[in-house]
Each structure stands twice: as C-alpha cells, then as structure tokens.
J.: 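Below is one structure. I have some questions about it.
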Protein chains: 2
Amino acid sequence: MVIRELSDVDTDRIFRALADATRRDIVARVTSREQSVSELASAYAMSFAAVQKHVAVLERAMLITKERRGRQQIVHGDPAMLRGAAQLLEAYEEIWRARSQRIEQILTEGNEKEEGHDRSERR
Amino acid sequence: MVIRELSDVDTDRIFRALADATRRDIVARVTSREQSVSELASAYAMSFAAVQKHVAVLERAMLITKERRGRQQIVHGDPAMLRGAAQLLEAYEEIWRARSQRIEQILTEGNEKEEGHDRSERR
DNA sequence: CTCTCGTATAACCATTTAGTTGTAGGTTAG
DNA sequence: CTAACCTACAACTAAATGGTTATACGAGAG
C-alpha cells in the first residue's frame, strides 16, 4: 500500500525528517486536525518562514501533504506514509531479531563467551 | 524494558542516527555478527576514522554497544533498543491513526465547511 | 623492551541544516 | 481597486555533519 520499495534516499529523508522535535510535533498536530501553515506557525516560537521550511521538509519526506484551499495551504498527515515508516522500522527490528537468534545459536555451539551485559546508560 | 521514557533529545538522536545508509548498514551487520571496528571499517569505501565516527554516533544513540576485547573493540547491536525504536514509531502511528478516526467523526457531525476535498478514509 | 595493531581524537574542509530577515506573488476582504 | 493576508523563496549566518589526514596512546606480539 503506497509504500513499496523505499530507496535509501527516501529512507534517509524520512528518518531525518523525524529527527527533529518540532517536525514530529507538526506531524502530530496536523494528523490531529488539518491546519494551515500560518496556524501551525503561530504555535511555535519561531518565524513563519522557519515553520514553512519544516513543513517543506516533511512534505519532501512524504510524511504530510498540502492542499490549497483559498489563499491558505492546508497541511495534513499522510497516515499511509506514517504507517509505512512504522513498518520500515518493524522490518528492521525483525531482521535484527532473526539475526540475533542466529548469533545465539552460534554462541551456544562454539561458546565460552557471555552475552548478557546490562546496557542502560542514560543522561 | 530498558526503554521507558525517551526524551526528545534521545528520540532526535535515534532518528538522526538511522538517517544514514552507512549507519543502518552497520547496525544490520553487527546485529548479524559482532565485529570489531576495524573489521567494519574494511567493509566500507571510506577511512577508518569515518567508520569509527559512525559507530560513535550509533553508540550515542544507544543503538549499538561496544565491548573491549583485547586490543579491539567489539561492536554489537542492542536488540532491546532497536525494538524500542520500532515501538516508538509504532506508537506514533497508532496515535496518528486514532486521531484520524476522531477527525473523521468530527467531520461527519459538525460539518459545513465541506467543499468536497477528499479528506478521510481511504488509506 | 620494542614494534605493530586497533582505536580514539584533533584539526581541517565542504556541505547541509535550522534559523533569521526581507521581498514578491497570489487571493480574499472591504 | 486597494489593502491585508497567506505563502513561497532568496540571501545570509551559525552550527552541525560527514568526510579527510595526521597524531597519540594502550595492549599484544615477538
């Protein structure tokens, strides 16, 4: 559905677009209720142009779409693409999980090496 | 487990770390089989230092861990964190999906701004 | 001990990003 | 028509990114 093959470049764009709290917030907002660019802009402590750029980044990553309505541009989220992004990560996770099992198997046959170190760094 | 609250900064780091094909490949590789940094470096057409930096970015995003073994540093993926990242996107997608439904509901009850743009369900 | 290997880090460079202000164009309101 | 509004875009700046080469340092090998 809509997402078939995602190129590396597309994937880069999607992840990069999501790597900004303002943009994630924009996506959340417009998925909640479609809003014009200026409505969005008024919600953030930055210039209109900055918000407009963020919207452009999201649009380029295909995470939102714009629709011209009168003199304003209405922004709404693209659920299909969002789902696609989620699936993309799920797919990664699954591949990695499968490989982890193989590792485990290899370890249990040729082992002397302990695996369970606790990782929980945080700042 | 392991992933409870992910701050905005953490989320930024995770998405940004994944927004690079080389880094995604590194994560895939080390989840497949743990490898030293120099082993990894030999797999890419770039300098050792560049690869080492990519590894550092992934480590900072908590997507991989390093373990010193003799004079080499063994890199392996952190399945829990990867799963956490996947869940993060799933969570977004779910929120957005729920909100889409609300929109739909609102539209069907309080509408008068209906000008026939095709908003809504068909994903 | 000395040499080499694996890693880390520093200094540098080019490109991109995230923000700014300013300007221009199109659309609606009066 | 004119004024106000919404959007887009250009030009600029500061900071971050992704790469380079060179250097330093710890740990094993001989």
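Letters A, B, ... mirror the listed sequences (proteins, then strands); counts begin at 1.
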J.: Do you know which of B:Leu58, B:Thr65, B:Thr31, B:Val37 makes side-chain contact (heavy atoms from CB on, under 4.5 Å) with B:Val75?
T.: B:Val37
J.: Tell me the interatomic distance from B:Asp20, atom CG, to C:dT15, atom C1', rounded to whole angstroms.
T.: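 Checked: the CG to C1' distance equals 14 Å.
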J.: From CZ of A:Arg60 over to C1' of C:dT16, roughly how many Å is that when rounded to an integer?
T.: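 Checked: the CZ to C1' distance equals 12 Å.
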J.: Is the phosphate of C:dT20, meaning OP1 or OP2, less than 4.0 Å from a side-chain N or O of A:Ser47?
T.: yes
J.: Between B:Asp10 and B:Met62, is any pair of side-chain heavy atoms under 4.5 Å apart?
T.: yes
J.: Determine yes or no for a side-chain-to-main-chain donor-acceptor pair under 3.5 angstrom, with B:Arg24 supplying the side chain and B:Leu18 the backbone.
T.: yes
J.: State, yes or no, whether a side-chain contact exists between B:Gln72 and B:Ile74 at a heavy-atom distance under 4.5 Å.
T.: yes
J.: Determine whether B:Gln73 and B:Glu67 make a side-chain contact, defined as any pair of heavy atoms from C-beta on separated by less than 4.5 Å.
T.: no
J.: Side chain to side chain contact (heavy atoms under 4.5 Å, CB included) for A:Arg29 and A:Leu40? Distances and angles first, verdict last.
T.: CA-CA 8 Å; A:Arg29 271 174 193 273; A:Leu40 280 174; 3.9 Å; yes
J.: So if you build clusters from Ile, Leu, Val, Met, Phe, Trp, Tyr with side-chain heavy-atom gaps below 4.5 Å, do A:Met46 and A:Phe48 land together?
T.: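 Yes, because A:Met46 and A:Phe48 connect within a single hydrophobic cluster, where side-chain heavy atoms sit under 4.5 Å apart.
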J.: Between the protein and nucleotides 3-8 of chain C, which nitrogen or oxygen pairs come in under 3.5 angstrom?
T.:
unit_1: C:dT7; atom_1: OP1; unit_2: B:Val37; atom_2: N; d: 3.4
unit_1: C:dT7; atom_1: OP1; unit_2: B:Gln73; atom_2: N; d: 2.7
unit_1: C:dT7; atom_1: OP1; unit_2: B:Gln73; atom_2: O; d: 3.3
unit_1: C:dT7; atom_1: OP2; unit_2: B:Ser38; atom_2: N; d: 2.6
unit_1: C:dT7; atom_1: OP2; unit_2: B:Ser38; atom_2: OG; d: 2.7
unit_1: C:dA8; atom_1: OP1; unit_2: B:Lys66; atom_2: NZ; d: 3.0
unit_1: C:dA8; atom_1: OP1; unit_2: B:Gln73; atom_2: NE2; d: 2.8
unit_1: C:dA8; atom_1: OP2; unit_2: B:Gln52; atom_2: NE2; d: 2.9
unit_1: C:dA8; atom_1: O5'; unit_2: B:Gln52; atom_2: NE2; d: 3.4

J.: Let me spell it out: for each of A:Arg16 and A:Lys53, pick the nucleotide of DNA chain D with the closest heavy atom. Which residue's pick is nearer the 5' end?
T.: A:Lys53
J.: Without decimals, in angstroms, what is the distance between A:Leu58 CG and C:dA18 P?
T.: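 Rounded to the whole Å, the gap is 10 Å.
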J.: Using the heavy-atom set of chain A and a strict 4.0 Å cut-off, write down the first and last nucleotide of DNA chain D that makes it in, 5' to 3'.
T.: D:dA4 to D:dG18
J.: Distance check, rounded to the nearest 0.5 Å: B:Gln52 atom CD versus B:Glu59 atom CD?
T.: 9.0 Å
